[in-house]
Chemist: 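Take a look at this one; I'll ask things after.
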Protein chains: 2
Amino acid sequence: MDTGDAFDPNCPTRLVLDRIGDKWSVLVLLSLIDGPMRFTALRGRINGVTPKVLTQTLRAMELDGLLTREVFAEVPPRVEYTLTDLGRSLHAPISVVARWAEENVHEILRHREKIS
Amino acid sequence: MDTGDAFDPNCPTRLVLDRIGDKWSVLVLLSLIDGPMRFTALRGRINGVTPKVLTQTLRAMELDGLLTREVFAEVPPRVEYTLTDLGRSLHAPISVVARWAEENVHEILRHREKIS
DNA sequence: CGGGATCCGCGACGATACTG
DNA sequence: CAGTATCGTCGCGGATCCCG
């Protein structure tokens with residue numbers, strides 16, 4: 001498999017990298033792996049995210065078909081977010097990167113802090 | 001394996017995601033997989049990158065120990081960039097993501113363009 | 001409860017010009 | 001050849017307030 005098309009700004013890899021490279025999408029995905037969650041529950045679990053940005057992230061992921069948004073006509077209102085099959089399938093690639101990260105973070109930090 | 005620590009901003013996964021999520025690092029890595037390259041060669045291969053940004057990217061990757069920078073005292077000057085073992089080992093995780101991207105880009109675009 | 005509206009800082013990125 | 005210097009742009013993300 002050649003990755004030469006990665007040099008095209010519109011290539012698939014660029015697209016996915018832009019998504020998982022953003023600040024919150026991966027955290028949302030990891031949160032929803034265990035099952036559907038409500039907006040406030042996500043807010044609480046993902047420390048530091050503001051409502052606006054969380055909404056933006058969820059909308060973008062919904063647009064890409066990574067998750068679905070379900071509104072329940074109740075009082076108080078309830079909105080649940082659920083990963084789609086597509087969203088769940090992204091978990092494996094992310095885990096590979098995460099595993100590499102955990103195995104090599106010490107060496108990276110060693111270089112970075114010039115302890116070399 | 002639990003990925004709960006990903007919610008810490010200083011977690012390994014966040015660190016690596018910030019790196020491969022940036023615009024040029026992955027392209028540099030893919031370019032250097034086949035062997036060392038000079039600055040201008042990289043510029044030519046990676047279409048659209050400016051000298052300043054390429055330098056920034058290379059310096060950051062050097063700091064993280066992903067590649068080495070070797071200066072040859074010649075006229076005209078020659079500088080070669082070479083992936084380290086650490087840098088080469090990052091190729092596999094990236095390839096996994098790239099493969100997922102290629103397999104699923106159509107479904108993502110289908111959702112995104114609301115043809116869905 | 002689950003957002004939307006608004007404002008804004010900051011850092012990534014780019015364009016252009018110049019240099020050892 | 002391999003950068004550096006300077007300036008400008010742009011949009012992500014944060015802060016705050018408001019609403020159905």
Side-chain angles (χ1 to χ4, degrees), chain A residues 6-11 14-29 31-32 36-64 67-82 112, chain B residues 6-10 14-29 31-32 36-64 66-82 112:
Chain A
F7 296 90
D8 175 3
N10 294 102
C11 82
R14 183 77 268 141
L15 192 112
V16 172
L17 248 32
D18 284 346
R19 167 137 312 294
I20 71 174
D22 92 324
K23 197 165 180 180
W24 304 109
S25 295
V26 170
L27 298 182
V28 168
L29 193 143
S31 298
L32 292 179
M37 288 182 78
R38 306 177 58 170
F39 188 85
T40 304
L42 280 169
R43 262 197 85 177
R45 174 137 187 215
I46 304 176
N47 207 335
V49 69
T50 60
K52 188 196 75 171
V53 175
L54 180 56
T55 300
Q56 284 177 354
T57 303
L58 290 167
R59 292 284 192 275
M61 293 177 73
E62 185 188 10
L63 255 181
D64 285 356
L67 53 79
T68 58
R69 177 175 181 271
E70 191 173 6
V71 183
F72 298 88
E74 308 172 351
V75 278
R78 181 163 60 103
V79 179
E80 277 194 353
Y81 294 91
T82 311
R112 196 175 284 190
Chain B
F7 295 89
D8 175 1
N10 295 101
R14 183 77 267 142
L15 191 114
V16 173
L17 248 32
D18 285 346
R19 168 136 312 294
I20 71 174
D22 92 326
K23 198 167 178 180
W24 303 110
S25 295
V26 170
L27 298 181
V28 168
L29 192 142
S31 298
L32 292 179
M37 288 184 79
R38 307 177 57 169
F39 188 86
T40 304
L42 278 169
R43 263 197 85 176
R45 175 136 186 216
I46 304 175
N47 206 337
V49 69
T50 60
K52 188 193 73 172
V53 176
L54 181 56
T55 300
Q56 285 176 354
T57 304
L58 291 168
R59 293 284 193 275
M61 294 176 73
E62 186 188 8
L63 253 181
D64 285 357
L66 297 175
L67 54 78
T68 58
R69 179 175 180 271
E70 192 174 6
V71 183
F72 297 88
E74 306 171 353
V75 277
R78 182 163 60 101
V79 178
E80 278 194 354
Y81 294 91
T82 310
R112 197 176 283 191

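Below, chain A is the first sequence line, B the second, and so on; all start at residue 1. None of the values given here were measured: they were computed from a predicted structure. Any value given below was found using the heavy atoms of this structure, including those in side chains, with hydrogens, waters and symmetry copies removed.
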Chemist: Quantified as the angle between the terminal helix axes (five pairs each), what is the overall bend of the helix from C:dC1-D:dG20 to C:dG20-D:dC1 to 10 degrees?
Modeler: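 Both end axes considered, the difference amounts to 50°.
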Chemist: State which of C:dG4, C:dG2, D:dA2 makes the closest approach to the side chain of B:Arg78.
Modeler: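 Looking only at side-chain atoms, B:Arg78 lies closest to D:dA2.
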Chemist: Indicate for each nucleotide in nucleotides 9-15 of chain C, in 5' to 3' sequence, whether protein heavy atoms under 4.0 Å reach the base (B), only the sugar-phosphate (S), or nothing (-).
Modeler: ----BBB
Chemist: Between D:dC1 atom C1' and B:Leu42 atom CG, what is the distance in whole Å?
Modeler: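 Rounding to the nearest Å, CG of B:Leu42 and C1' of D:dC1 are 13 Å apart.
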Chemist: Side-chain N or O of B:Arg69 less than 4.0 angstrom from OP1 or OP2 on D:dA2?
Modeler: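 The answer is no; no side-chain N or O of B:Arg69 sits under 4.0 Å from OP1 or OP2.
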Chemist: Return the value, rounded to whole Å, for the distance between atom CG of B:Leu54 and atom C1' of C:dT16.
Modeler: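 Distance, rounded to whole Å: 17 Å.
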Chemist: State, to 0.1 Å, how close B:Val49 and B:Ile46 come at their nearest heavy-atom pair, and which atoms those are.
Modeler: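 Taking every non-hydrogen atom into account, CG1-O, 3.4 Å.
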Chemist: Not counting sequence neighbours, which residues clear salt bridge (charged side-chain N to carboxylate O under 4.0 Å, His left out) with A:Arg78? List them please.
Modeler: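 Partners of A:Arg78 under the salt bridge (charged side-chain N to carboxylate O under 4.0 Å, His left out) test: A:Glu74, A:Glu80.
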Chemist: For B:Pro51, enumerate each residue passing the side chain to side chain contact (heavy atoms under 4.5 Å, CB included) test, keeping only those at least two apart in sequence or located in another chain.
Modeler: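 Applying side chain to side chain contact (heavy atoms under 4.5 Å, CB included) to B:Pro51 gives B:Phe39, B:Arg43.
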Chemist: Please state how far atom CG in A:Asp18 lies from atom P in D:dG13, giving the value in whole angstrom units.
Modeler: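 The distance from CG of A:Asp18 to P of D:dG13 comes to 11 Å, rounded to the nearest Å.
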Chemist: For A:Leu17 and D:dC12, what is the distance between atoms CG and C1' respectively, to the nearest whole Å?
Modeler: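 My rounded result for the distance is 17 Å.
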Chemist: Quick one: is A:Arg38 getting a side-chain N or O under 4.0 Å of the C:dG2 phosphate, OP1 or OP2?
Modeler: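 So the side chain of A:Arg38 is within the cut-off, an N or O lying under 4.0 Å from OP1 or OP2 of C:dG2.
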Chemist: Which is true for A:Phe72 with a 4.0 Å heavy-atom rule: it touches a base, it touches only sugar-phosphate, or it touches nothing?
Modeler: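 Contact class for A:Phe72: none.
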Chemist: Would you tabulate the nitrogen or oxygen pairs shorter than 3.5 Å linking the protein to nucleotides 17-20 of chain C?
Modeler:
none

Chemist: List in chain and number order the residues that pass side chain to side chain contact (heavy atoms under 4.5 Å, CB included) with B:Val71, two or more places apart in sequence or in another chain; answer none if no residue qualifies.
Modeler: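 Per chain and number, B:Val71 pairs via side chain to side chain contact (heavy atoms under 4.5 Å, CB included) with B:Arg69, B:Val79.
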Chemist: A:Arg43 has an atom CZ; how far is it from atom P of C:dG4, in whole Å?
Modeler: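 For the pair A:Arg43 CZ and C:dG4 P, the rounded distance is 13 Å.
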Chemist: With sequence neighbours excluded, give me every side chain to side chain donor-acceptor pair (under 3.5 Å) pair touching residues 49-62 of chain B.
Modeler: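 Every pair satisfying side chain to side chain donor-acceptor pair (under 3.5 Å) with a residue in residues 49-62 of chain B: there are none.
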Chemist: Anything under 3.5 Å between a donor and an acceptor, one on a side chain of residues 16-29 of chain A, the other on a protein residue two or more places apart or in another chain? List them.
Modeler:
unit_1  : atom_1 : unit_2  : atom_2 : d
A:Asp18 : OD1    : A:Arg14 : NE     : 3.3
A:Asp18 : OD1    : A:Arg14 : NH2    : 3.4
A:Arg19 : NE     : A:Asp64 : OD2    : 2.7
A:Arg19 : NH1    : A:Ser25 : OG     : 3.2
A:Arg19 : NH2    : A:Asp64 : OD2    : 3.4
A:Asp22 : OD1    : A:Ser25 : N      : 3.1
A:Asp22 : OD1    : A:Ser25 : OG     : 2.8
A:Asp22 : OD2    : A:Ser25 : OG     : 3.1

Chemist: According to a strict under-4.0 Å criterion, is A:Thr40 in side-chain N/O contact with OP1 or OP2 of C:dC1?
Modeler: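 No, no such contact exists.
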Chemist: Please state whether the phosphate of C:dG4, meaning OP1 or OP2, lies under 4.0 angstrom from any side-chain nitrogen or oxygen of A:Arg59.
Modeler: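 Answer yes for this pair, as a side-chain N or O of A:Arg59 is under 4.0 Å from OP1 or OP2.
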Chemist: Quick one, A:Leu42 with A:Leu32, criterion side chain to side chain contact (heavy atoms under 4.5 Å, CB included). Give me CA distance, side-chain angles, the key distance, then yes/no.
Modeler: CA-CA 8 Å; A:Leu42 280 169; A:Leu32 292 179; 4.1 Å; yes
Chemist: Are B:Thr82 and B:Leu67 close enough, and set up right, to give a side chain to side chain contact (heavy atoms under 4.5 Å, CB included), and what steps lead you there?
Modeler: CA-CA 5 Å; B:Thr82 310; B:Leu67 54 78; over 6 Å; no
Chemist: Would you say that A:Thr68 contacts A:Tyr81 through its side chain, given a criterion of any heavy-atom pair below 4.5 Å between the two side chains?
Modeler: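 A side-chain contact under 4.5 Å is absent here.
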Chemist: CD of A:Glu70 versus P of C:dC1: gap in Å, rounded?
Modeler: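 The answer, rounded to whole Å, is 19 Å.
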Chemist: Provide, to the nearest angstrom, the distance between the CZ atom belonging to B:Phe39 and the P atom belonging to D:dA2.
Modeler: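 To the nearest whole Å, that distance equals 8 Å.
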